[in-house]
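Remember, it's 1-based here, ligands and their atoms both numbered in the order they're listed. Hydrogens, waters and symmetry mates play no part in the numbers below; they use all other heavy atoms, side chains included.
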Amino acid sequence: MSTGEQDLEIYLEFAIKLAQQCGQMILDASKARYSTDSMVYGKSGNPADLVTETDRLVEELIKSSLKERFPEHGFIGEEHTAAGHKHEFKDEPTWIVDPIDGTTNFVHGFPFVAVSIGLTVKKEPVVGVVFNPFLNQLFTARKGHGAFLNLTTRLPLSYPNPPLRLPSNISQCLVLTEYGSDRSSVTIGKKVNSVHSLLSKPGNVTWSEKKAGFVRGIRSMGSAALNICCVAQGSIDLYYEVGCWEWDVTAALVILNEAGGYTTSSQGPDEGPVNIFGRKYLAIRSGSPCDGDENTRQSQLRLIREMWGVIEEIDCPRS
Ligand code: LIP
């Protein structure tokens with residue numbers, strides 16, 4: 001059975017209501033954490049990869065609601081996968097869900113926490129809902145119909161004016177990245193080296209040299225989904241992360257795409273469209289071309305190449 005425009009609209013509306021319901025659950029659980037001992041576990045014993053009872057309850061609610069309403073759809077969820085459930089990624093509509101993206105933030109009361117509900121059809125992300133109940137920010141999109149903040153504000157935030165011009169090189173960029181939960185010395189060493197290269201002024205350049213290379217700043221907020229939504233807003237130029245998963249990014253990638261942004265997975269000359277299962281993501285905001293001889297995509301790809309040239313390659317197996 002083929003999925004039409006109207007179906008996508010129905011799926012998006014359902015996902016929005018579900019995300020709002022989950023948002024309330026997350027807020028209630030967050031308040032309860034001040035009065036009760038909240039249960040926090042490190043996944044597979046990793047104390048830097050947290051899961052709480054709320055992650056599990058919220059995912060259970062999402063999974064059962066989707067199953068009841070759309071019994072023929074596939075489902076890939078962070079906590080079900082962590083519990084050992086295997087899934088086969090098929091052409092049929094498939095929901096890809098993170099009940100709490102930013103679990104560490106949730107545990108500490110740092111308000112960058114989101115429920116992330118994405119949908120793929122024929123393996124392509126087509127519907128995305130990312131809701132941060134703490135800041136009451138609801139990001140939504142469906143393929144071909146634009147991306148929105150709180151249902152009415154079109155993204156990027158510059159809309160209806162043309163999106164801001166893209167920077168001519170990464171030295172004019174504000175960048176987001178994360179350190180992730182793989183704390184092996186090799187991985188963290190490479191990530192820190194990349195941050196060092198992005199921030200430090202090479203000894204042989206002067207402050208006034210345009211191509212100095214170092215970026216304006218690096219931020220880290222602890223939620224891949226919200227990071228990508230910041231790029232979709234146009235408030236961040238580039239976000240990269242190596243090591244997060246499809247449930248962290250699928251919904252947000254629809255939002256970014258619909259806001260005119262672009263994402264790649266490959267670290268190399270072939271920067272073809274993102275592989276959501278690839279665990280490597282480099283996302284760039286929309287913008288008018290920075291140079292008259294380029295179109296937007298060419299300017300985006302040039303900045304992407306410049307970034308990948310600085311970021312150290314990290315092996316990121318799925319096991
Ligand atoms: C988290 C991501 C974060 C990343 C962590 C983790 P979780 O998701 O959004 O950006 O650095 O490794 O994957 O575990 O809070 O759903």
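A salt bridge links R142 and E9; the closest N-O separation between the charged side-chain nitrogens and carboxylate oxygens is under 4.0 Å. Looking at K63 and E60, no side-chain N of the basic residue comes within less than 4.0 Å of a carboxylate O on the acidic one, giving no salt bridge. Here D237 pairs with R285 in a salt bridge; the nearest charged N to carboxylate O distance falls below 4.0 Å. Under a 4.0 Å N-O distance rule, the pair R318/E246 qualifies as a salt bridge.
For the pair N227/I236, no side-chain contact is recorded, criterion being any heavy-atom separation below 4.5 Å from C-beta on.
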Between ligand 1 and the protein, give all atom pairs where both partners are nitrogen or oxygen and the distance is under 3.5 Å, as lines of names plus distance to 0.1 Å.
{"from": "ligand 1", "atom 1": "8 (O)", "to": "D101", "atom 2": "OD1", "distance (Å)": "3.0"}
{"from": "ligand 1", "atom 1": "8 (O)", "to": "D248", "atom 2": "OD1", "distance (Å)": "3.2"}
{"from": "ligand 1", "atom 1": "9 (O)", "to": "D101", "atom 2": "OD1", "distance (Å)": "2.6"}
{"from": "ligand 1", "atom 1": "9 (O)", "to": "D101", "atom 2": "OD2", "distance (Å)": "3.3"}
{"from": "ligand 1", "atom 1": "9 (O)", "to": "A224", "atom 2": "N", "distance (Å)": "2.8"}
{"from": "ligand 1", "atom 1": "10 (O)", "to": "A224", "atom 2": "N", "distance (Å)": "3.2"}
{"from": "ligand 1", "atom 1": "10 (O)", "to": "E241", "atom 2": "OE1", "distance (Å)": "3.1"}
{"from": "ligand 1", "atom 1": "11 (O)", "to": "E241", "atom 2": "OE2", "distance (Å)": "2.6"}
{"from": "ligand 1", "atom 1": "13 (O)", "to": "D248", "atom 2": "OD2", "distance (Å)": "3.3"}
{"from": "ligand 1", "atom 1": "15 (O)", "to": "G102", "atom 2": "N", "distance (Å)": "2.7"}
{"from": "ligand 1", "atom 1": "15 (O)", "to": "T103", "atom 2": "N", "distance (Å)": "2.8"}
{"from": "ligand 1", "atom 1": "15 (O)", "to": "T103", "atom 2": "OG1", "distance (Å)": "3.4"}
{"from": "ligand 1", "atom 1": "16 (O)", "to": "E78", "atom 2": "OE1", "distance (Å)": "3.0"}
{"from": "ligand 1", "atom 1": "16 (O)", "to": "D98", "atom 2": "OD2", "distance (Å)": "2.8"}
{"from": "ligand 1", "atom 1": "16 (O)", "to": "I100", "atom 2": "O", "distance (Å)": "3.1"}
{"from": "ligand 1", "atom 1": "16 (O)", "to": "D101", "atom 2": "OD1", "distance (Å)": "3.4"}

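Partners of A251 by side-chain contact (heavy atoms from CB on, under 4.5 Å), not counting sequence neighbours, listed by chain and number: S116, V130.
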